[in-house]
S.K.: 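So that we are looking at the same thing, I have put the structure below in structure tokens.
Counting starts at 1 for both ligands and their atoms, following the listed order.
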Amino acid sequence: MKRRDFLKDTPLAGVGLTVAAALTACETGSENQIDTAVGSTEKRAEGPIVIATWNVPESVEIAGKMLADGKKALESAIEGVAYEEANEENTTVGKGGAPDRDGTVTLDACVMNSDGNCGAVLAVENITHVAALARKVMEETPHVMLSGKGAELFAYDQGFPKENLLTEASKKAWENWKTKSEYKPVINVENHDTIGMLCMDSDGDIAGVCTTSGAAYKMKGRIGDSPIIGSGLFIDNEVGGAVATGLGEEVVKTVGSFLVVELMRNGKSPQEACEEAIRRIVAKGDRYKEFQVGYVAINKAGEVGAYAIHEGFSYTKYQNGENTNTPSGFYAK
Ligand code: ASP
């Protein structure tokens, strides 16, 4: 019996599996690597596959075509989301994103690759392609996260252009918002939202990206889940990946994307894992009625899942040249 199968059948199966795997490896001395893929599916998909939050057909097609050309998962995902980052009509990502309540557009993004490396930028002004910038943090610095002015100066150093992110339309909407007194996120008012994208390349490697302008009219300095590795995005190339969208504060409280991946590691399908992660949020009381959270996930078998608290969330998938947008299941009936 393979060690992985043996462990699946022990009472330790579940939460403590990775610890059990580590102990077994240490005790027997038979392996010098900790098996972190315990419980994940043995099936391996043939890439390429792209999935993304919301309805972003152009973005997934760009990424899907790059993957079909043999490009790796991370570069394809970054190019895919770059389309929406530059799309001024999209008021939740990149240029044209809604500003904070002081009228400044600040962007957040993170990336994670199949080696388990990651990078993030937080509250960046004047830079459109923050997913690409997050990759530069990962590759060109000894750090994982850069924020604010530091991230912006690093961007110029890396050759990113300075751009005005506040469009006339976003400015008008903000001025209109200022005439109302209350700050309250509205469920699904967004046409597009945070773009989280997961790519599996033709080697079967998974990487992901999450990019956003964050909650519209947020307090200055507010950071949501999107640039936080484990909350907005998490990848474990032995298991799969997950990304989140919706009210970031609620995703952070349950470390949502990491949770989805860990649930898959312990045997759940991507769909079951997304559903369980949403249940963890709604189990905290009735507040979920006031906000939206959605997850999408993929595992190494190429199975995908998506689930949200409320109706209105969808995900876009590109595989074998086919581009589909599918409404996710949802909790609140
Ligand atoms: N998750 C993002 C945030 O909280 C916003 C969103 O997805 O709408 O910043």
S.K.: Checking contacts here: is it the side chain or the backbone of Ser226 that comes within 4.0 Å of ligand 1, counting heavy atoms only? Could be both or neither.
M.R.: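 Looking at Ser226 and ligand 1, just side chain atoms fall under 4.0 Å.
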S.K.: Test of understanding: with ring-ring contact (aromatic ring centres under 6.0 Å, His included), list the residues that count as partners of Tyr331, not counting sequence neighbours.
M.R.: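 Partners of Tyr331 under the ring-ring contact (aromatic ring centres under 6.0 Å, His included) test: Tyr288.
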S.K.: I'd like to know if the side chain of Ser170 and the backbone of Leu166 have a donor-acceptor N/O pair within less than 3.5 Å.
M.R.: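 Not confirmed, Ser170 side chain does not pair with Leu166 backbone.
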S.K.: When you compare ligand 1 with Gly248, is there at least one nitrogen or oxygen pair between them that comes in under 3.5 angstrom?
M.R.: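 Checking ligand 1 against Gly248, an N or O pair does fall under 3.5 Å apart.
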S.K.: What atoms of ligand 1 come within less than 4.0 Å of a heavy atom belonging to Gly214?
M.R.: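 The atoms of ligand 1 under 4.0 Å from a heavy atom of Gly214 are 9 (O).
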S.K.: Nearest to atom 7 (O) of ligand 1 by heavy atom, Ile195, Val93, Thr194: which?
M.R.: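 Residue with the shortest heavy-atom distance to the ligand atom: Thr194.
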S.K.: Would you say Gly246 has any N or O atom under 3.5 Å from an N or O of ligand 1, going by distance alone?
M.R.: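 It does: an N or O of Gly246 is found under 3.5 Å from an N or O of ligand 1.
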S.K.: Output the list of atoms in ligand 1 that are nearer than 4.0 Å to some heavy atom of Thr245, sorted by atom number.
M.R.: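 Near Thr245, meaning under 4.0 Å from one of its heavy atoms, ligand 1 has 6 (C), 7 (O).
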S.K.: Show the atoms of ligand 1 that are less than 4.0 angstrom away from any heavy atom in Ala215.
M.R.: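 Once the distances to Ala215 are compared, the set is 9 (O).
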S.K.: What do the steps show when you test Asp100 against Lys218 for salt bridge (charged side-chain N to carboxylate O under 4.0 Å, His left out), and what is the final call?
M.R.: CA-CA 5 Å; Asp100 62 21; Lys218 59 197 174 187; over 6 Å; no
S.K.: What pairs of donor and acceptor atoms, side-chain ones from residues 111-118 against any protein atom, are under 3.5 angstrom apart with sequence neighbours left out?
M.R.:
| from | atom 1 | to | atom 2 | distance (Å) |
| --- | --- | --- | --- | --- |
| Asn113 | OD1 | Asp115 | N | 2.9 |
| Asn113 | OD1 | Gly116 | N | 3.3 |
| Asn113 | OD1 | Asn117 | N | 3.0 |

S.K.: Any side-chain to backbone donor/acceptor pair from Glu85 onto Ala131? Under 3.5 Å, distance only.
M.R.: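 Yes.
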S.K.: Mark the output for Arg222 as yes if a heavy-atom distance to ligand 1 is under 4.0 Å, and as no if none is.
M.R.: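 In this structure, Arg222 qualifies as a contact of ligand 1 - some heavy atom is under 4.0 Å.
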S.K.: Could you tell me whether ligand 1 has any atom less than 4.0 Å away from a heavy atom of Asp225?
M.R.: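 Under 4.0 Å: yes for Asp225.
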S.K.: Is the charged tip of Lys333 near the ring of Phe330: under 6.0 Å from the six-membered ring centre and within 45° of its axis?
M.R.: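 Positive - Lys333 is close enough to the ring of Phe330 and near enough to its axis.
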S.K.: Decide whether Thr212 and Thr194 meet the rule of one side-chain donor and one side-chain acceptor closer than 3.5 Å.
M.R.: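 A pair is found: one side chain offers a donor N or O, the other an acceptor, under 3.5 Å apart.
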